[in-house]
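Letters go in sequence order (proteins before strands), and every chain restarts at 1.
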Amino acid sequence: MTEPDAPRKLNFIEQIIEQDNEAGKWDGRVQTRFPPEPNGYLHIGHAKSICLNFGLAEKYNGRCNLRFDDTNPAKEDQEYVDSIKADIRWLGFDWGDRELFASDYFDQLYAWAVQLIQAGQAYVCELTAEQTREYRGTLTEPGKNSPFRDRPVEENLDLFQRMKAGEFADGSRTLRAKIEMTHPNLNLRDPVMYRILRVVHHRTGEQWCIYPMYDFTHGQSDSLERVTHSICTLEFENHRPLYDWYCDSLDIYHPQQIEFARLNLSFTITSKRKLLELVTSGHVRGWDDPRMPTISGMRRRGYTPESIRQFCERIGVAKFHSVIDMTVLENSVREHLNQVAPRVMGVLRPIKLVIDNYPEGQVEEMVAVNNPEDESAGTRQVPFSRVLYIDQEDFREEAPRKYFRLKRGGEVRLRYAYIIKCEDVIKNEDGSIRELRCSYDPDSKSGMPGAGRKVKGTIHWVSAEHAVDAEVRLYDRLFVKENPYDVAEGEDYKVNLNPASLETLSACKLEPALAGVGSGRTFQFERVGYFHVDADSRAEHLIFNRTVSLRDSWAKFETRSKK
RNA sequence: UACCCGGUGGUGUAAUCGGUAACACUACGGAUUUUGAUUCCGUCAUUCUAGGUUCAAGUCCUAGCCGGGUAACCA
């Protein structure tokens, strides 16, 4: 009964679009826009918005503009513009030639402000910022009119022109919309339209000393771009009446603002201000630190665009304020990488293992499958010899019943090679393990008739003499609490930072196929996880970032049985 | 105690005009496996509450409860 290609159920925005299309509301057009302020790097929350806006345009044969909302030069910078463009492109979206800036509309916005003054709907106010706040009232008390509210139109026109001309000091005057100081929605209590700000703008330089506020910019920018559905996050819901008021009062093309719930991810923060704080305070190494939820951080960590888009598809769109579990993100990248990542063997914490009955000096090339999910990836040869490294985790002197890796006196299969038996454990003076002495079963080589013999476990290994050295960076969640803002009175979210979010292993041993591998590539270290060659990696000093570990039901079982 | 928005399994998202609460992920159990991976199969709901309308309510009505947002010359 189920249709094989049944379209996914529509989210509430798609429903609005389809209803509009049916009603012929926008002549069937769909025009969206992604409107970042260039005051920080994009993060996973923005990815949701990007996928939504660009995705909707793709789905309905529309267009999505990239528009920088650059009306506050005090916080904005060209560096951010560049990074934002790179990130969106990397995610796989294209805005064509529509790289737009709100600052492109400054002249038009100014003309519209004059128009409102002329219509008696705006006035120049001389209240200080603090007074403005007092006059606004509170959530439960009405505001009161500014003493400057009823200035004659001519005087407002003159004053506003002089504000623009730079005759007045920063903060000394504002242009405000004349709406209703007792309105229950504070945004309608004569909102500020323009403020005086002598700051060099990253694009307009010193051309302007007055800048429009977000509310007086956004709707009109949408209008100029003939946007149909102006999609933003829930906190702008209370601004919609003002968005509508400006469009209506100006009598211009009027897009529809639609709000959705922003992404919240467990164990992470998505506040540009706070992410910036982590960067400047040195808690992370930069905006692209692989622990950061930024697009650039995730890219460096090894996340793929496909996995992020899949994630955004999976979490859906609604108006309900929800928290997505981090594992959903991790699972999305596992799913993609499982399909495409070549397999290799890498030993993170090496123990030396000597096979006493294996001929000294002999080297065999074992045939290994590059990707069981992709036959076309072929096979490769991995050298095997008498002295190997295996991972510390794969050996226990005293092993629990269900531990089926290597134990004293026990057998295990070496992946793509022989079955070995641990005969002896040689220790250092401090009691730590120096090396394992083993024997191997010559008939058990993979592919040979005797290889069918069943042993419980299979572990990975690297031939010591052929091994490539590497540094591996293991990342864990940046915060120890599911909700990083869950802190005691007077404390800061930074107390929840995970002190063990980065563990650097510098003596890792990898199979020789990885020698000199270039940055940007991702491999699955079999049985361990997915690892991405870091941007700083060099042929003579390889650096791998762990993107995500493999699912580990043994680790889960073990921690559970300890409790 | 103002205004706005919201409430469906552990998590998130669906459910056409009111008509058997579905899908995905997690978790748990099992099968397969030379990656304890992958894959496959199975299990997991008083739709916030209480009334009401109706043959029939997640959906409509009423009252309540709970959660979030809003008082930058930020966006």
Expressed in angstrom and rounded to an integer, what is the separation of A/His321 atom NE2 from B/G67 atom P? 13 Å
With the side chain defined as heavy atoms from C-beta on, A/Pro184 is closest, among B/C73, B/A2, B/G36, to B/A2
Give the nucleotide from the list B/C74, B/A75, B/A71 with an atom nearest to the side chain of A/Thr71. B/A75
Categorize A/Leu127 for me: base, sugar-phosphate, or nothing, with a 4.0 angstrom heavy-atom threshold over every strand shown. base
Quick one: label A/Met213 by what it contacts on the DNA or RNA (base, sugar-phosphate, nothing), any heavy atom closer than 4.0 Å. sugar-phosphate
Distance in angstrom units between A/Phe34 CZ and B/A75 C1', rounded: 12 Å
Flag yes if more than 12 heavy atoms outside A/Lys85 fall under 6.0 Å of its NZ atom; otherwise flag no. yes
Has A/Gln257 got a side-chain N or O lying under 4.0 Å from the OP1 or OP2 atom of B/C5? no
Between the base of B/U35 and the side chain of A/Arg343, is there any donor-acceptor pair under 3.5 Å? yes
So A/Val317, base contact, sugar-phosphate only, or nothing? Heavy-atom distance under 4.0 Å. sugar-phosphate
Between CD of A/Glu237 and C1' of B/G6 the distance, given in whole Å, is 8 Å
Taking the nucleotide of RNA chain B with the nearest heavy atom to each, does A/Phe236 or A/Ala261 sit closer to the 5' end? A/Ala261
What is the distance, to the nearest angstrom, from the CG atom on A/Asp391 to the C1' atom on B/U35? 13 Å
Nearest-neighbour nucleotide for the A/Lys319 side chain, B/C74, B/G6, B/A14 considered: B/G6
Between B/C3 (P) and A/Glu180 (CD): distance, integer Å: 15 Å
Base, sugar-phosphate alone, or nothing: which one does A/Pro372 contact when heavy atoms must sit under 4.0 Å apart? base
Is there a donor N/O on one and an acceptor N/O on the other, under 3.5 Å, for the side chain of A/Thr140 and the base of B/U1? no
Kindly indicate, with the supporting measurements, whether the criterion ring pair (Phe, Tyr, Trp, His ring centres under 6.0 Å) is fulfilled by A/Phe384 and A/Trp461. CA-CA 9 Å; A/Phe384 181 89; A/Trp461 51 271; 5.2 Å; yes
Does A/Gln524 contact B/U35 through a side-chain donor or acceptor facing the base, at a distance under 3.5 Å? yes
Output yes when at least one side-chain N/O atom of A/Arg240 is less than 4.0 Å from OP1 or OP2 of B/U70, else no. no
Does A/Ser332 have a side-chain nitrogen or oxygen under 4.0 Å from the phosphate oxygens OP1 or OP2 of B/C25? no
I'd like to check A/Phe544 versus A/Leu514 (side-chain heavy atoms, cut-off strictly below 4.5 Å). Are they in contact? yes
Once you apply a heavy-atom cut-off of 4.0 Å, does A/Tyr403 come out as touching a base, just sugar-phosphate, or nothing? base
Grab the CD-C1' distance between A/Glu37 and B/A72 for me, whole Å please. 13 Å
Taking the side chain of A/Glu526 as its heavy atoms from C-beta onward, which of B/C73, B/A75, B/U35 lies nearest to it? B/U35
For the side chain of A/Leu139, counting heavy atoms from C-beta on, which of B/C74, B/A71, B/G36 is nearest? B/A71
Under 4.0 Å, counting only non-hydrogen atoms across every strand here, what does A/Val455 touch: a base, just sugar-phosphate, or nothing? nothing
Identify whether any heavy atom of A/Tyr416 sits under 4.0 Å from a base atom; if not, whether one sits that close to sugar-phosphate; answer base, sugar-phosphate or nothing. base
Looking at A/Glu393, I want to see if its CD is surrounded by more than 12 non-hydrogen atoms of other residues, nucleotides or ligands under 6.0 Å. no
Contact class for A/Ser322 (heavy atom, under 4.0 Å): base, sugar-phosphate, or nothing? sugar-phosphate
Categorize A/Lys556 for me: base, sugar-phosphate, or nothing, with a 4.0 angstrom heavy-atom threshold over every strand shown. sugar-phosphate
Tell me whether A/Tyr214 and B/A75 count as stacked here, given that the ring centres must be under 5.5 Å apart and the planes must differ by less than 30 degrees. no
A/His201 pairs by ring pair (Phe, Tyr, Trp, His ring centres under 6.0 Å) with which of A/Trp208, A/Phe106, A/Phe68? A/Phe106
Using 4.0 Å as the upper bound for N to carboxylate O, is an ion pair formed by A/Arg527 and A/Asp394? yes
So, does the side chain of A/Arg405 form a donor-acceptor pair with the base of B/G36 at under 3.5 Å? yes
Check this one for me: any side-chain N or O of A/Lys454 less than 4.0 Å away from OP1 or OP2 of B/U34? yes
Can you tell me how far P of B/C5 sits from CG of A/Leu234, to the nearest Å? 11 Å
Verdict with supporting geometry, A/Phe236 and A/Tyr243, ring pair (Phe, Tyr, Trp, His ring centres under 6.0 Å): CA-CA 10 Å; A/Phe236 292 100; A/Tyr243 183 108; 10.0 Å; no
Check whether any side-chain N or O of A/Arg136 sits under 4.0 Å from OP1 or OP2 of B/C73, and answer yes or no. yes
A/Thr458 side chain near B/U33 phosphate (N/O to OP1/OP2, under 4.0 Å): no
Less than 3.5 Å between a donor and an acceptor, one on the side chain of A/His239 and one on the base of B/A75, is that the case here? yes
Remember a base hit wins even if backbone is also touched, and classify A/Ala318 as base, sugar-phosphate or nothing at under 4.0 Å, heavy atoms. sugar-phosphate
Rounded to the nearest Å, what distance is computed from the CZ atom of residue A/Phe320 to the C1' atom of nucleotide B/A14? 15 Å
Would a distance-only check, ignoring hydrogens and angles, find a side-chain to backbone donor-acceptor pair under 3.5 Å from A/Tyr416 to A/Val369? yes
Quick one: is B/U34 close enough that its OP1 or OP2 comes under 4.0 Å of any side-chain N or O from A/Lys445? no
Nearest to the side chain of A/Arg314, heavy atoms from C-beta on, is which of B/A24, B/A75, B/U13? B/A24
Can you see if the side chain of A/Arg334 gets near the phosphate of B/A37 - specifically, an N or O under 4.0 Å from OP1 or OP2? no
Choose from B/C4, B/U35, B/G36 the nucleotide whose nearest atom is closest to any side-chain atom of A/Asn238. B/C4
Before accepting this row, confirm whether a basic side-chain N of the pair A/Glu237/A/Lys319 lies closer than 4.0 Å to the acidic partner's carboxylate O. yes
Regarding A/Ala74, tell me which of base, sugar-phosphate or nothing describes its non-hydrogen contacts under 4.0 Å with the strands shown. nothing
Check: B/U34 base within 3.5 Å donor-acceptor of A/Arg413 side chain: yes
Taking the P atom of each, how far is B/G58 from B/U47, in whole Å? 7 Å
Give one of base, sugar-phosphate or nothing for A/Glu393, where a contact means two heavy atoms less than 4.0 Å apart. nothing
Between the side chains of A/Asp104 and A/Arg203, is the shortest nitrogen-to-carboxylate-oxygen separation below 4.0 Å, so that they form an ion pair? yes
Given B/G36, B/C28, B/G12, identify the nucleotide with an atom nearest to the side chain of A/Asp552. B/G36
A/Arg527 side-chain proximity, nearest of B/G36, B/C73, B/C74: B/G36
Which nucleotide wins on minimum distance to the side chain of A/Leu550, given the candidates B/U35, B/C25, B/A71? B/U35
